[in-house]
Amino acid sequence: MAWSDETVDRIVQAHPEEFRLIPIIGSAAGLRQGEMLGLSVDDFDFEDLVIRVRRQVKRLGKEYAFALPKNDRERIVPMSTSLAKMVKTHIARFGTTKISLPWERLDGEIQDPSSYDRPGRRWIVDWSGLLHG
């Protein structure tokens, strides 16, 4: 079931200002949580108005790593002009942060996919106040 615009707005507003672009991208482009967290500035093609989803962030036990997106396939997602403008404005205002994570490995050993801990979404709902009225 898709969330209403009001629900999305509440979730966006519940985030600290520097993180509001995360749920905006999720709702506008249909990206999964790990995909949003794995985005790089280079993944946004402002000329062709697309987002290249090349990686996601996965939780491996208590650690995090980069991995290919779902089904081990990169994908291209359309980006509206309004989303492109929001991304550019956000980058101009807050800059970017370089993150370095291992690639689907911890300590050189490939992790068993059954050990992946699915990132929960309850924190988003809690921040938005949806559970509390």
Side-chain angles (χ1 to χ4, degrees):
M1 179 169 84
W3 286 343
S4 68
D5 289 344
E6 179 184 297
T7 299
V8 172
D9 287 343
R10 288 175 69 185
I11 290 170
V12 169
Q13 293 304 314
H15 281 71
E17 193 171 359
E18 64 270 21
F19 297 118
R20 289 184 181 162
L21 188 62
I22 295 170
I24 290 170
I25 291 171
S27 64
L31 270 60
R32 298 170 182 91
Q33 182 177 351
E35 293 172 342
M36 291 181 288
L37 297 175
L39 287 173
S40 165
V41 173
D42 297 335
D43 297 328
F44 294 91
D45 183 334
F46 296 109
E47 187 175 313
D48 290 336
L49 291 175
V50 296
I51 302 170
R52 289 180 170 66
V53 181
R54 298 177 174 138
R55 76 198 70 72
Q56 66 176 322
V57 173
K58 280 188 175 182
R59 187 171 179 182
L60 306 173
K62 293 182 181 181
E63 303 293 329
Y64 293 88
F66 286 126
L68 286 171
K70 185 177 179 181
N71 299 322
D72 293 332
R73 296 178 65 158
E74 296 180 6
R75 62 191 176 112
I76 296 175
V77 177
M79 174 173 50
S80 68
T81 54
S82 60
L83 178 58
K85 183 178 178 181
M86 284 186 246
V87 171
K88 287 180 182 179
T89 300
H90 180 88
I91 292 168
R93 182 161 182 210
F94 295 105
T96 61
T97 302
K98 189 171 187 163
I99 306 271
S100 181
L101 292 173
W103 189 262
E104 266 198 279
R105 298 172 175 252
L106 299 174
D107 300 329
E109 295 181 19
I110 297 176
Q111 299 294 308
D112 177 354
S114 66
S115 70
Y116 294 170
D117 183 24
R118 280 194 179 284
R121 292 182 185 88
R122 184 176 177 88
W123 64 272
I124 295 172
V125 176
D126 284 346
W127 281 4
S128 69
L130 293 174
L131 290 180
H132 310 292

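The model shown is predicted, which means the values in this text are computed figures rather than measured ones. Note: hydrogens, waters and symmetry copies are ignored here, and every other heavy atom, side chains too, is used.
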Heavy-atom pair of closest approach, residues Pro78 and Ala29
O-CB, 4.4 Å
Report the distance from atom CZ of Arg54 to atom CD1 of Ile76, rounding to the nearest 0.5 Å.
8.5 Å
Rounded at 0.5 Å granularity, tell me how far CG in Leu37 sits from CZ in Arg32.
13.5 Å
Verdict with supporting geometry, Lys58 and Gln56, side-chain contact (heavy atoms from CB on, under 4.5 Å):
CA-CA 6 Å; Lys58 280 188 175 182; Gln56 66 176 322; 3.3 Å; yes
The complete set of side-chain hydrogen bond (donor to acceptor under 3.5 Å, both in side chains) pairs with one or both residues in residues 85-98, sequence neighbours excluded, reads Glu17-Arg93
For the hydrophobic clusters of this structure (ILVMFWY residues joined by side-chain heavy atoms under 4.5 Å, transitively), does one cluster hold both Val41 and Phe94?
no
Partner residues of Asp45 under the salt bridge (Lys or Arg N to Asp or Glu O under 4.0 Å) criterion, sequence neighbours left out:
Arg52
About how many Å separate CZ of Phe46 and CD1 of Ile51, when rounded to the nearest 0.5 Å?
8.5 Å
Result of checking Glu35, Lys70, Glu74 against Val53 for side-chain contact (heavy atoms from CB on, under 4.5 Å):
Glu35
Nearest 0.5 Å, please: how far is OG1 in Thr81 from CG in Leu49?
6.5 Å
What distance separates Arg55 CZ from Leu39 CG, expressed to the nearest 0.5 Å?
7.5 Å
Just by distance, do the side chain of Arg59 and the backbone of Gly61 share a donor-acceptor pair under 3.5 Å?
yes
What are the two closest non-hydrogen atoms of Gly38 and Phe66, and how far apart are they?
CA-CE2, 4.2 Å
Between Leu83 and Ile91, is there shared hydrophobic-cluster membership here, with clusters defined by ILVMFWY side-chain heavy atoms closer than 4.5 Å?
yes
State yes or no: do Met36 and Val50 share one hydrophobic cluster built from I, L, V, M, F, W and Y residues joined by side-chain heavy-atom distances below 4.5 Å, directly or via other members?
no
So Gln13 and Arg20, do their side chains get closer than 4.5 Å, heavy atoms only?
yes
